[in-house]
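First comes the structure, then the notes that go with it.
Model, not experiment: these values are computed from the prediction. Whatever order the structure lists ligands and atoms in, that order sets their numbers, starting from 1. Heads up: numbering here begins at 1 and tracks the sequence.
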Amino acid sequence: MADLFEGATGIIDEALAHADVSADTVERLKHPRSALSVSIPVRMDDGSLRTFQGYRVRYNDVRGPAKGGIRYHQDVTLDEVQTLAFWMTIKCAVVDLPYGGGKGGVTVDPKALSMSELERLSRGFIDGIADAIGPDVDVPAPDVYTNAMIMGWMMDQYSIIKRHRVPDVITGKPIALGGSLGRDTATADGGFFVTETLAPKVLDTGGRRTAAVQGFGNAGMVMAELLHAAGYTVVAVSDSQGGVHTEEGLHIPSVAKVKRESRALKGVYCEGSVCEAVDHDVISNDELLALDVDLLVPAALENAITIDTVDDVKARMIVELANGPITPEADAALFERGVVVVPDVLANAGGVTVSYFEWVQNRQGFAWTAEEVRTRLESRMTTEARRLWDFATERDISLRVAAYAQALSRIGEAVDATGHAETFQSAG
Ligand code: GLU
């Protein structure tokens with residue numbers, strides 16, 4: 001165990017050189033506060049009983065309640081959930097939310113379950129972790145392969161357990177159950193605002209800017225739509241089944257329409273759709289990552305670009321909409337080559353930022369307009385993107401190291417507010 005986690009926390013030492021924090025802060029950040037492992041018995045539609053494995057890690061809550069999504073995927077492990085919870089701790093500090101970091105996951109292929117089985121699994125998971133979450137303790141949200149309806153079931157189940165309605169226990173809910181306008185597109189919106197802020201500093205392509213998006217789920221699809229609408233030529237997109245590519249650019253609204261209807265990208269160009277007139281190649285995910293584009297957006301899972309594939313990457317700018325798509329070794333190689341990587345802890349922080357807005361609205365009992373949500377999101381994302389850019393350029397470090405240094409300083413302030421080793425040593 002601990003491969004991903006060890007790799008992920010390694011950057012703390014590098015960032016330390018650029019943040020003035022106590023040893024206590026580093027100590028606090030190297031260990032999760034709690035890691036809960038639960039088994040979830042689920043009655044299947046055929047009458048049989050199956051048990052699924054679930055996890056919830058509260059990594060850190062120094063700056064506020066832990067915050068982070070719940071992922072459903074067949075490859076979920078405790079090591080992965082713990083790493084994602086660590087990244088959430090950093091992410092929430094990077095965009096200055098009053099939260100720590102947490103994450104949950106269930107080892108399951110959700111596509112293999114019926115709707116009723118999925119609902120029983122989701123409610124069963126909440127039964128298992130109810131004592132470890134709460135509006136002031138740890139607030140879950142959607143992540144890979146979970147969505148608003150699932151968050152609705154989970155909020156309802158938690159409310160049943162507590163015997164009163166608790167909308168602020170979870171974010172990313174359906175609007176009718178206390179969700180926020182703009183939460184569904186927030187991850188991509190945030191990534192787009194950051195891209196718009198930083199691309200002019202990185203890409204001096206004058207007219208045409210090309211982009212490729214790996215992963216066509218909630219984040220990747222909306223990001224592709226936004227880039228297309230902003231005038232980027234999106235030459236390729238892919239999902240877990242593979243991708244499509246054409247140098248003249250894909251008509252993203254049509255691809256998205258068919259994807260929303262058919263739910264699989266391979267149906268988009270290859271099985272008689274609105275787009276099949278366009279001449280295109282069918283490509284693999286690895287081929288997409290190696291395309292010669294200005295902007296590459298990995299928006300799927302961890303470890304998309306590794307030390308074995310990094311030499312093939314030709315993009316000039318990479319915006320990490322997924323969590324952890326580039327391994328630490330590959331990241332170092334990209335920095336060496338001058339490729340600008342906008343790290344996940346900034347690039348995809350739009351999701352948790354609007355989750356925070358949703359939590360605030362739930363606590364106020366008052367719903368904001370879509371415009372208010374968008375304006376506040378844009379302001380926060382562009383402010384933090386500019387701040388990190390200036391810091392990174394000043395010190396000639398990567399945006400990732402700058403983001404971790406920024407997060408360390410903010411977390412460090414909270415840790416030291418209750419005293420650190422020197423405070424107690426000098427007090428005798
Ligand atoms: N799962 C998303 C992330 O990785 C959102 C988390 C949240 O909204 O709490 O940032």
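Judged by distance alone, with hydrogens and angles left aside, the side-chain atoms of R71 form no donor-acceptor pair with the main-chain N or O of V106 at under 3.5 Å. For the pair T233 (side chain) and V235 (backbone), a donor-acceptor distance under 3.5 Å is absent.
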Show me the side-chain donor-acceptor pairs of residues 344-353 shorter than 3.5 Å, one per line, residues at least two apart or across chains.
unit_1, atom_1, unit_2, atom_2, d
D344, OD2, G324, N, 2.7
N348, OD1, K91, NZ, 2.8
N348, ND2, L321, O, 3.1
N348, ND2, A322, O, 3.2
N348, ND2, N323, OD1, 2.9
T353, OG1, A349, O, 2.7

Which pairs of N or O atoms, one from ligand 1 and one from the protein, are separated by less than 3.5 Å, and what is the distance for each pair?
unit_1, atom_1, unit_2, atom_2, d
ligand 1, 1 (N), P142, O, 2.9
ligand 1, 1 (N), D143, OD1, 2.7
ligand 1, 4 (O), K91, NZ, 3.1
ligand 1, 4 (O), K103, NZ, 3.0
ligand 1, 4 (O), D143, OD1, 3.4
ligand 1, 4 (O), N323, ND2, 3.1
ligand 1, 8 (O), R183, NH2, 3.0
ligand 1, 8 (O), S355, OG, 2.5
ligand 1, 9 (O), K67, NZ, 2.8
ligand 1, 10 (O), K91, NZ, 2.6

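Using a 3.5 Å distance cut-off with no hydrogens or angles, the side chains of T171 and K67 do pair a donor with an acceptor.
For the pair R387 and W389, the cation-pi test (distance below 6.0 Å, angle within 45°) is failed. The cationic group of R120 does not satisfy the cation-pi geometry with W153, failing either the under 6.0 Å distance to the six-membered ring centre or the 45° limit from the ring axis.
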